[in-house]
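Position 1 is the first residue of the sequence; numbering continues from there. Counting starts at 1 for both ligands and their atoms, in listed order.
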Amino acid sequence: MKAGIFYFTTSGNTESIADGLEEVLQEEGVEVIKKAFDEADASDLDELDLVALGTPAQGSEEVDESEFKPFYDENIDVLRDKKLFLFGSYGWGGGEFLDIFADEVKGDDMNVVAVFAYNEALDDDGKEQLSQTVKDIL
Ligand SMILES: Cc1cc2nc3c(=O)[nH]c(=O)nc-3n(C[C@H](O)[C@H](O)[C@H](O)COP(=O)(O)O)c2cc1C
């Protein structure tokens with residue numbers, strides 16, 4: 001099992017979830033690569049079984065349109081063959097933005113295995129929840 005974690009962040013909160021996800025996957029024995037979208041390209045998706053894409057809530061309950069959505073759109077055919085893990089940080093909306101996006105991508109025939117939204121930065125409680133989410137899908 002090989003996993004890739006790709007994310008956009010404005011103030012580091014989504015990045016904290018990406019870091020936590022990397023740790024819990026590695027604890028489960030999964031090989032992981034982790035990159036911000038601006039460091040990643042399509043070739044990074046080669047040989048990945050699980051792809052985790054991260055975004056903060058932006059706009060009005062929307063995903064990031066500057067880097068997250070373009071990466072998704074550009075790689076949509078490759079992503080269809082992966083297990084997709086959506087994650088992100090929100091401020092006040094309870095994570096609704098990510099559920100909305102998960103519903104959208106199901107229309108693209110994506111195999112969404114997990115959706116993990118967390119309020120602001122990942123803390124110890126969040127890490128525990130993330131660990132359980134990962135155990136459930138492996
Ligand atoms: C322009 C802007 C729009 C936002 N829109 C939402 C929103 O619709 N719902 C929400 O829950 N949080 C919203 N937030 C809060 C961020 O999603 C939240 O602070 C998040 O933790 C930022 O994560 P990051 O540090 O990874 O960028 C917004 C923040 C900004 C700056």
Q: Nearest 0.5 angstrom please: L25 CG to L138 CG, how far?
A: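 It comes to 6.5 Å.
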
Q: I'd like the residue list for ligand 1, meaning every protein residue with a non-hydrogen atom under 4.0 Å from the ligand.
A: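 Contacts of ligand 1 under 4.0 Å: T9, T10, S11, G12, N13, T14, P56, A57, Q58, G59, S60, E61, S89, Y90, G91, W92, G93, E120.
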
Q: Under 3.5 Å, side-chain donor or acceptor atoms of residues 111-120 against the rest of the protein: list the pairs with distances, not counting sequence neighbours.
A:
from: Y118; atom 1: OH; to: D123; atom 2: OD1; distance (Å): 2.5
from: Y118; atom 1: OH; to: D123; atom 2: OD2; distance (Å): 3.4
from: Y118; atom 1: OH; to: G126; atom 2: N; distance (Å): 3.2
from: N119; atom 1: ND2; to: Y90; atom 2: O; distance (Å): 3.1
from: N119; atom 1: ND2; to: G91; atom 2: O; distance (Å): 2.9
from: E120; atom 1: OE1; to: N13; atom 2: ND2; distance (Å): 2.9

Q: Could you pull out all donor-acceptor pairs under 3.5 Å where a side-chain atom in residues 51-60 meets a protein atom, sequence neighbours excluded?
A:
from: T55; atom 1: OG1; to: D64; atom 2: N; distance (Å): 2.9

Q: What orientation do F71 and F37 show, parallel under 30°, tilted 30 to 60°, or perpendicular over 60°?
A: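 The arrangement is tilted - the two ring planes meet at 30° to 60°.
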
Q: Got F6 and L48 here, is their nearest side-chain heavy-atom distance under 4.5 Å?
A: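 Answer yes - side chains close enough.
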
Q: Using the salt bridge (charged side-chain N to carboxylate O under 4.0 Å, His left out) criterion, which residues pair with K82? Sequence neighbours excluded.
A: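 With sequence neighbours excluded, K82 shows a salt bridge (charged side-chain N to carboxylate O under 4.0 Å, His left out) to no residue whatsoever.
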
